**Student:** 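Okay, handing you the structure first.
Keep in mind it's a predicted model, so treat the numbers as computed, not measured.
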Amino acid sequence: MTNCSDEDSDSDVREPIETQLTYQPLVSLKELASFPVGMIVSAQKLATNTQFKAYLNNDFNSVTAENDMKMRSIFIGPNNYDFSKGDAIISYAKQNGFRVFGHALIWHSSIPDWLVNFTGTDMAFEELIETYIKETVAHFSQEKIILNGQEISVVAGWDVVNEAFTDAAQNAVFRMRLGDDYVAKCFHWAREADPHVKLFYNDYNLESQSSKMVEVIGMLDDFTTRNIPIDGIGMQMHIDYISPSIQTIQSNLNALLQKDVLIHFSELDMTVNKTGLLSELTFLRAKSQEDKYRAVAELYSEIPENKRFGITLWGMRDVESWLLNFHGNINEYPLLFDASYNFKLAHRGFSEGLN
Ligand code: G3I
């Protein structure tokens with residue numbers, strides 16, 4: 001019979017009650033992951049922010065320009081391009097062993113004012129856009145690295161078109177002036193500029209709206225039928241700690257897994273205070289966020305290896321997230337690092353899910 005006193009003494013040794021919102025990882029995200037782990041960057045941050053670069057180089061091996069490689073940043077006038085910010089990002093990436101993902105050639109929310117107001121003919125407009133896509137893809141395909149004895153471009157892929165399945169896109173100049181088939185035209189032009197770069201279609205709520213995922217899959221089937229080049233789909237993954245549920249994400253991901261495309265969780269972040277009821281990140285909410293980030297990383301790690309293009313986090317520190325401005329709420333904590341670059345429990349959950 002077990003000595004009761006032993007049992008009593010055992011029960012007196014309690015696990016310390018966890019209350020910390022942060023932790024100290026032992027292994028980096030990129031070492032744990034079986035796919036590239038990305039972070040958004042800007043030329044300005046890479047030029048000036050030593051602390052940001054330290055955390056970037058430690059955990060990540062892929063970068064996406066948050067804004068510097070969008071049309072508003074590059075297309076400064078008819079046949080006039082400013083590639084300088086993209087070049088700076090690619091130069092940093094090459095020197096520090098990062099993959100670059102190009103975002104985004106065509107997006108109705110990043111059209112330069114002069115192009116919106118372009119008064120030339122639709123044919124002249126089409127000529128401008130075709131040339132823009134070809135010049136931009138060709139320009140950024142020039143920087144090469146040697147990987148496994150093969151020379152490849154630092155820029156591994158592009159969001160050729162972003163968020164076309166929205167009313168705003170339907171009413172924007174691209175569809176209005178290039179026609180209903182403008183998405184296909186853009187993919188053809190991008191492929192003509194670079195035979196190897198991976199061409200993605202990127203959109204939000206694919207993880208939560210099955211109807212929207214059905215539309216994207218319909219486009220994939222149509223592209224296959226018409227031999228229109230496309231290599232992957234970006235599921236942006238701007239999610240909340242409650243919805244969509246992991247089951248819903250899994251269900252929509254399963255639909256896409258039936259197709260022969262790469263899958264990129266391209267803009268992952270996770271709101272935890274959309275109601276605005278929290279004035280700080282509570283421990284309980286931090287634990288819920290940790291669990292959801294773990295589940296997302298696990299779910300992605302389980303898809304077939306040949307379809308894992310990577311997961312890109314849409315921001316480093318909570319305070320830098322676009323979501324604070326978008327929801328008009330400074331008390332939002334959607335990312336893996338707090339304002340002081342401490343590793344949040346969300347980072348631990350994500351790490352554990354990768355492993
Ligand atoms: O650079 C100008 C600056 O000169 C000016 O003074 C300032 C005030 O208007 O604006 C600055 O540009 C801002 C830009 O971010 C750079 O900070 C734009 O106004 C602002 O609209 C832009 O927001 C970006 C947004 O895309 C629109 O392009 C966010 O940072 C970026 O996180 C967000 O990311 C998008 C993805 O590209 C596509 N998926 C959705 C995601 C969230 O909207």
Side-chain angles (χ1 to χ4, degrees), residues 18-42 45-46 49-66 96 98-99 101 207 235-242 246 249 264-274 278 280-301 308 310-327 329-355:
E18 187 181 29
T19 56
Q20 296 298 315
L21 293 177
T22 62
Y23 87 116
Q24 193 54 45
L26 299 174
V27 186
S28 70
L29 298 177
K30 64 185 179 185
E31 289 170 279
L32 288 168
S34 55
F35 46 81
V37 184
M39 176 50 64
I40 53 172
V41 296
S42 68
K45 267 185 184 162
L46 296 179
N49 193 326
T50 309
Q51 196 172 21
F52 173 84
K53 288 186 279 186
Y55 283 86
L56 175 73
N57 290 5
N58 176 60
D59 258 340
F60 303 93
N61 51 14
S62 180
V63 290
T64 296
E66 182 173 19
N96 291 273
F98 286 83
R99 171 185 85 174
F101 184 72
E207 60 281 348
M235 297 170 65
Q236 291 183 7
M237 293 291 284
H238 293 296
I239 61 178
D240 179 80
Y241 82 105
I242 295 175
I246 281 298
I249 298 171
H264 182 198
F265 278 7
S266 56
E267 305 183 12
L268 179 59
D269 48 32
M270 186 186 302
T271 45
V272 289
N273 188 27
K274 275 204 315 203
L278 298 185
E280 61 177 2
L281 181 58
T282 60
F283 177 72
L284 272 182
R285 194 61 53 87
K287 289 292 288 180
S288 297
Q289 187 181 44
E290 174 184 17
D291 294 343
K292 187 77 171 271
Y293 263 114
R294 182 185 304 108
V296 168
E298 281 170 352
L299 179 149
Y300 189 85
S301 299
R308 287 182 231 145
I311 298 180
T312 298
L313 280 297
W314 207 253
M316 183 79 80
R317 295 182 300 154
D318 290 335
V319 288
E320 296 163 336
S321 172
W322 70 285
L323 285 162
L324 277 63
N325 184 39
F326 185 70
H327 291 304
N329 173 16
I330 58 167
N331 297 319
E332 186 54 85
Y333 314 95
L335 299 168
L336 304 185
F337 297 83
D338 73 11
S340 307
Y341 285 98
N342 294 309
F343 299 88
K344 292 165 60 185
L345 300 186
H347 185 286
R348 185 173 68 184
F350 189 70
S351 300
E352 290 171 353
L354 294 176
N355 194 11

**Student:** Any non-hydrogen side-chain atom of L56 less than 4.5 Å from a side-chain atom of V63?
**Tutor:** yes
**Student:** What distance separates L345 CG from Q289 CD, expressed to the nearest 0.5 Å?
**Tutor:**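 CD of Q289 is found 8.5 Å from CG of L345.
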**Student:** Using 30° and 60° as the class boundaries, would you call the ring planes of H264 and F101 parallel, tilted or perpendicular?
**Tutor:** perpendicular
**Student:** Can you tell me how far the OG atom of S34 sits from the OH atom of Y300, to the nearest 0.5 Å?
**Tutor:** 8.5 Å
**Student:** Quick one: are E332 and V272 in side-chain contact, heavy atoms under 4.5 Å?
**Tutor:** yes
**Student:** What pair of heavy atoms forms the shortest contact from K30 to V37, and how long is it?
**Tutor:** CA-CG2, 4.4 Å
**Student:** Below 4.5 Å, heavy atoms only, C-beta onward: do N355 and L32 meet side chain to side chain?
**Tutor:** yes
**Student:** If every non-hydrogen atom of R99 is compared with every non-hydrogen atom of S62, which pair is closest and at what distance?
**Tutor:**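 That would be NE-OG, 3.0 Å.
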**Student:** Measuring only between side-chain heavy atoms, which start at C-beta, is Y293 closer than 4.5 Å to L313?
**Tutor:** yes
**Student:** Show the nearest heavy-atom pair for residues L336 and F350, with the distance to one decimal.
**Tutor:** CD1-CD2, 4.0 Å
**Student:** In terms of side-chain geometry, is the basic nitrogen of K45 or E320 positioned less than 4.0 Å from the acidic oxygen of its partner?
**Tutor:** yes
**Student:** Is the shortest side-chain heavy-atom distance between F52 and M39 below 4.5 Å?
**Tutor:**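 They are in contact (side-chain heavy atoms under 4.5 Å apart), so the answer is yes.
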**Student:** Using every non-hydrogen atom in the two residues, find where G310 and F35 come nearest and quote the distance to one decimal.
**Tutor:**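 For G310 and F35, the tightest heavy-atom pair comes out as CA-CD1, 3.9 Å.
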**Student:** Once you round to the nearest 0.5 Å, how far does OG of S351 lie from CG of D59?
**Tutor:** 7.0 Å
**Student:** Give the ring-plane orientation class for H347 versus Y23, where under 30° counts as parallel, over 60° as perpendicular and anything between as tilted.
**Tutor:** tilted
**Student:** Can you name the one residue among D318, L323, V319 that meets side chain to side chain contact (heavy atoms under 4.5 Å, CB included) with L335?
**Tutor:**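 Of D318, L323, V319, side chain to side chain contact (heavy atoms under 4.5 Å, CB included) with L335 is met by D318 alone.
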**Student:** Show your reasoning for whether side chain to side chain contact (heavy atoms under 4.5 Å, CB included) applies to D291 and Y241.
**Tutor:** CA-CA 9 Å; D291 294 343; Y241 82 105; over 6 Å; no
**Student:** Could you work out, with side chain to side chain donor-acceptor pair (under 3.5 Å) as the rule, every residue matching E267, not counting sequence neighbours?
**Tutor:**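 Testing E267 for side chain to side chain donor-acceptor pair (under 3.5 Å), a comparison that skips the adjacent residues, returns N202, H238.
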**Student:** For the residue pair K292 and D240, what are the closest heavy atoms and their distance?
**Tutor:**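 So the minimum-distance heavy-atom pair works out to NZ-O, 2.8 Å.
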**Student:** List the steps, then state whether side chain to side chain contact (heavy atoms under 4.5 Å, CB included) holds for Y333 with K344.
**Tutor:** CA-CA 10 Å; Y333 314 95; K344 292 165 60 185; 3.8 Å; yes
**Student:** State, with a plain yes or no, whether a side-chain heavy atom of M237 is found less than 4.5 Å away from one of I249.
**Tutor:**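 Yes, at least one pair of side-chain atoms sits under 4.5 Å.
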**Student:** At their closest point, which heavy atom of A286 faces which heavy atom of L21, and how far apart are they?
**Tutor:** CB-CD2, 3.7 Å
**Student:** Regarding R294 and E290, does a basic nitrogen lie under 4.0 Å from an acidic carboxylate oxygen?
**Tutor:** yes
**Student:** Rounded to the nearest 0.5 Å, how far apart are OG1 of T312 and CZ of F60?
**Tutor:**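 That separation rounds to 9.5 Å.
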**Student:** Look only at the side chain of N342 and the backbone of T22, and say whether a donor-acceptor pair between them is shorter than 3.5 Å.
**Tutor:** no
**Student:** Can any side-chain N or O of N273 pair as donor or acceptor with the backbone N or O of N331 at less than 3.5 Å?
**Tutor:** yes
**Student:** How long is the straight-line distance from CD1 of I239 back to CD1 of I246, given to the nearest 0.5 Å?
**Tutor:** 6.0 Å
**Student:** State the CG-CD distance between L299 and E207, to the nearest 0.5 angstrom.
**Tutor:** 11.0 Å
**Student:** Counting heavy atoms not belonging to Y341, are there more than 12 under 6.0 Å from its OH?
**Tutor:**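 More than 12 within 6.0 Å, yes.
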